[in-house]
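What follows is a set of notes on a single structure, which appears directly below.
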2 protein chains.
Amino acid sequence: MATVIALLPARSTADGTHRRLLEEALLRFGERGFHGVSVREIAEAAGIRASSIYAHLESKEELLFQLMYIGHEEHYEMLRHALLDAGADPFSQIRHVVAAHVRLHATYPLLARVCNRELPALSEANRDRVLTIRSNSEQLILDVINRGMSRGVFHVSDPWLGYAAIGSMGIRVAEWWDQRAYDIEDVAETYADFAVRLLSGAPAT
Amino acid sequence: MATVIALLPARSTADGTHRRLLEEALLRFGERGFHGVSVREIAEAAGIRASSIYAHLESKEELLFQLMYIGHEEHYEMLRHALLDAGADPFSQIRHVVAAHVRLHATYPLLARVCNRELPALSEANRDRVLTIRSNSEQLILDVINRGMSRGVFHVSDPWLGYAAIGSMGIRVAEWWDQRAYDIEDVAETYADFAVRLLSGAPAT
DNA sequence: CGGAAACGAACGACCGTTAGGTCGTCGGCG
DNA sequence: CGCCGACGACCTAACGGTCGTTCGTTTCCG
């Protein structure tokens with residue numbers, strides 16, 4: 001096996017062929033998108049015929065949904081645990097949360113890309129399930145920012161824009177991390193610095 | 001016409017049916033991706049039959065390439081003019097460049113999404129043409145950061161990570177701007193503030 | 001011996017693209 | 001001035017191929 005690190009979080013309970021399908025689908029969806037990859041290609045990469053997929057999944061979309069659900073769950077859980085580890089200091093909180101955000105995107109870059117690109121390919125019901133988790137993560141970060149604001153240690157003209165900017169920095173790590181020679185922890189530290197600077201800098205102009 | 005603002009930059013010289021095809025393709029590629037949209041759908045949205053497309057373009061991929069080329073050109077030109085307007089002060093330079101970066105992504109969000117998602121759908125030759133422009137834009141921003149560093153007004157542990165973080169903030173604007181009630185100029189100003197803070201903050205830890 | 005997991009074959013739909021023809025416009029020439 | 005040929009834009013029809021999925025059967029393990 002060429003992959004040194006796991007493609008999927010341990011959270012995925014799928015095993016055997018099911019897991020193999022998720023992994024091979026992830027590799028391809030991550031590179032060429034949901035609509036750019038056929039069921040036959042995934043099946044044959046997993047060593048079975050296309051028709052055999054339907055013993056494990058009810059549709060191609062379910063493959064995408066399971067990946068996106070696992071990805072969003074893992075992300076939220078990483079943020080939540082990071083916050084629990086951070087204590088009560090807003091600086092520590094934002095540093096822990098941003099570092100976890102970055103780590104997720106560098107550890108599972110393909111999963112993160114799929115999660116951030118393929119929302120429109122999901123049925124409305126499945127999209128809603130994913131968006132529910134996403135809004136929990138958004139709220140978690142916004143809570144940290146707002147708390148820091150009300151304690152007077154963070155100063156931004158608009159908290160949501162602060163959230164958007166910090167979130168964006170991390171999301172994009174999934175697009176370049178595996179092509180560059182950075183250490184995950186260095187990036188996580190640096191981005192945590194960036195977030196602190198961005199939120200706490202003296203009000204500009 | 002429902003569209004209030006232009007879908008495409010004035011830079012696109014295509015007119016008539018050709019332009020119509022670019023616009024209808026952009027609307028759909030921006031929502032569901034290159035592989036998620038058929039030639040027939042684009043053609044019929046433009047009021048012609050699928051086969052008539054080939055009087056204007058030689059392939060579906062050329063439609064994507066023209067969009068991506070226009071988008072990357074417009075982006076680079078906006079950055080370049082912003083820098084020319086900024087004078088010699090590193091703070092002014094980064095503010096102007098970041099504001100232009102944000103403005104591009106809020107003015108042409110669909111075009112920006114296509115440019116940032118569909119690189120793997122291009123042939124190698126076309127991808128290279130697009131990546132050439134992209135690396136010019138990268139270098140332009142890196143030059144501003146490095147110059148600020150060597151003048152001692154910017155302090156980041158790694159200039160490329162600073163570039164990546166600032167670039168990411170702006171790129172993601174294309175994903176949310178048209179769904180939220182922000183004024184472009186407010187976002188551009190705020191993100192320029194963020195970039196200045198991110199680059200010039202006191203060395204953390 | 002039962003059931004899960006795999007198979008080959010086939011379904012109807014749709015894919016990007018080509019071939020060949022019709023129509024209207026327009027520049028050049030007798 | 002009036003005709004003519006070329007051309008561009010569009011059409012219908014069809015190509016070979018691939019799509020996601022279903023069906024009925026076989027294989028194999030507990």
Side-chain angles (χ1 to χ4, degrees), chain A residues 12-69 114 117-127, chain B residues 12-69 114 117-127:
Chain A
S12 166
T13 58
D15 59 345
T17 301
H18 186 177
R19 176 168 193 113
R20 190 83 200 282
L21 286 170
L22 287 175
E23 290 175 342
E24 297 295 344
L26 176 55
L27 277 170
R28 287 157 181 81
F29 291 167
E31 292 299 335
R32 305 201 305 281
F34 179 71
H35 294 297
V37 180
S38 73
V39 168
R40 279 173 178 80
E41 182 184 344
I42 297 165
E44 272 143 45
I48 62 175
R49 301 283 161 226
S51 58
S52 307
I53 280 199
Y54 296 86
H56 303 274
L57 302 157
E58 69 171 25
S59 68
K60 183 189 181 190
E61 194 218 313
E62 200 192 335
L63 208 42
L64 176 63
F65 170 68
Q66 290 187 1
L67 288 170
M68 292 185 68
Y69 197 80
V114 170
R117 284 179 185 167
E118 305 293 355
L119 263 183
L122 290 179
S123 68
E124 203 182 305
N126 283 337
R127 187 162 54 241
Chain B
S12 166
T13 58
D15 60 346
T17 302
H18 186 176
R19 176 166 192 115
R20 189 81 201 283
L21 285 169
L22 287 175
E23 290 175 342
E24 298 293 344
L26 176 55
L27 277 169
R28 286 158 182 79
F29 290 166
E31 292 298 335
R32 305 200 304 283
F34 178 71
H35 295 296
V37 180
S38 74
V39 168
R40 280 173 177 81
E41 182 184 343
I42 297 166
E44 271 143 45
I48 61 175
R49 301 281 161 225
S51 58
S52 306
I53 280 201
Y54 296 87
H56 303 273
L57 303 157
E58 69 170 24
S59 68
K60 184 190 180 189
E61 193 218 314
E62 200 193 334
L63 207 43
L64 177 63
F65 171 68
Q66 291 187 2
L67 288 170
M68 292 185 69
Y69 196 80
V114 170
R117 286 179 185 166
E118 304 293 352
L119 262 182
L122 289 178
S123 68
E124 202 180 305
N126 283 337
R127 186 163 53 240

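Because the structure is a prediction, the values reported are computed rather than measured. Throughout, a chain's letter reflects where its sequence line sits, starting with A, and its residues are numbered from 1.
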Which sits closer to the 5' end of DNA chain D, A/S52 or A/S38, going by the nucleotide each is nearest to?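 Looking at DNA chain D, the more 5' nearest nucleotide goes with A/S38.
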Between [X] ([atom1]) and [N] ([atom2]), how many Å, whole number?
{"X": "A/E58", "N": "D/dT21", "atom1": "CD", "atom2": "C1'", "result": "12 Å"}
{"X": "A/E61", "N": "D/dG20", "atom1": "CD", "atom2": "P", "result": "13 Å"}
{"X": "B/E62", "N": "C/dT17", "atom1": "CD", "atom2": "C1'", "result": "14 Å"}
{"X": "B/F65", "N": "C/dG16", "atom1": "CZ", "atom2": "C1'", "result": "20 Å"}
{"X": "B/I53", "N": "C/dT17", "atom1": "CD1", "atom2": "P", "result": "9 Å"}
{"X": "A/I48", "N": "D/dT26", "atom1": "CD1", "atom2": "C1'", "result": "16 Å"}
{"X": "B/R20", "N": "D/dA9", "atom1": "CZ", "atom2": "C1'", "result": "16 Å"}
{"X": "B/L57", "N": "C/dT18", "atom1": "CG", "atom2": "P", "result": "12 Å"}

Does the base of D/dT12 carry an N or O that pairs as donor and acceptor with the side chain of B/S51 under 3.5 Å?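 Such a pair is found, so the answer is yes.
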Compare side-chain N and O positions of A/H35 against OP1 and OP2 of D/dC19 and report whether any pair is under 4.0 Å apart.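 No, no such contact exists.
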Are any of the side-chain nitrogens in A/E44 or A/R40 under 4.0 Å away from the carboxylate oxygens of its partner?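 A salt bridge is absent here (no side-chain N lies under 4.0 Å from a carboxylate O).
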From A/E23 CD over to A/R28 CZ, what is the distance, rounded to the nearest 0.5 angstrom?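 Nearest 0.5 Å value for the CD-CZ distance: 11.0 Å.
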Any idea which of [options] is nearest the [X] side chain?
{"X": "A/H56", "options": "D/dT22, C/dA5, C/dT17", "answer": "C/dA5"}
{"X": "A/R40", "options": "D/dC10, C/dT17, D/dG20", "answer": "D/dG20"}
{"X": "B/A55", "options": "D/dT21, C/dA6, D/dC10", "answer": "D/dC10"}
{"X": "B/T17", "options": "D/dG20, C/dA6, D/dC10", "answer": "D/dC10"}

Hey, does the side chain of [X] reach the backbone of [Y] with a donor-acceptor pair shorter than 3.5 angstrom?
{"X": "B/R20", "Y": "B/A45", "result": "yes"}
{"X": "B/E62", "Y": "B/E58", "result": "yes"}
{"X": "A/E61", "Y": "A/S123", "result": "yes"}

For A/R49, which contact category applies under a 4.0 Å heavy-atom criterion: base, sugar-phosphate, or nothing?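 Result for A/R49 = sugar-phosphate.
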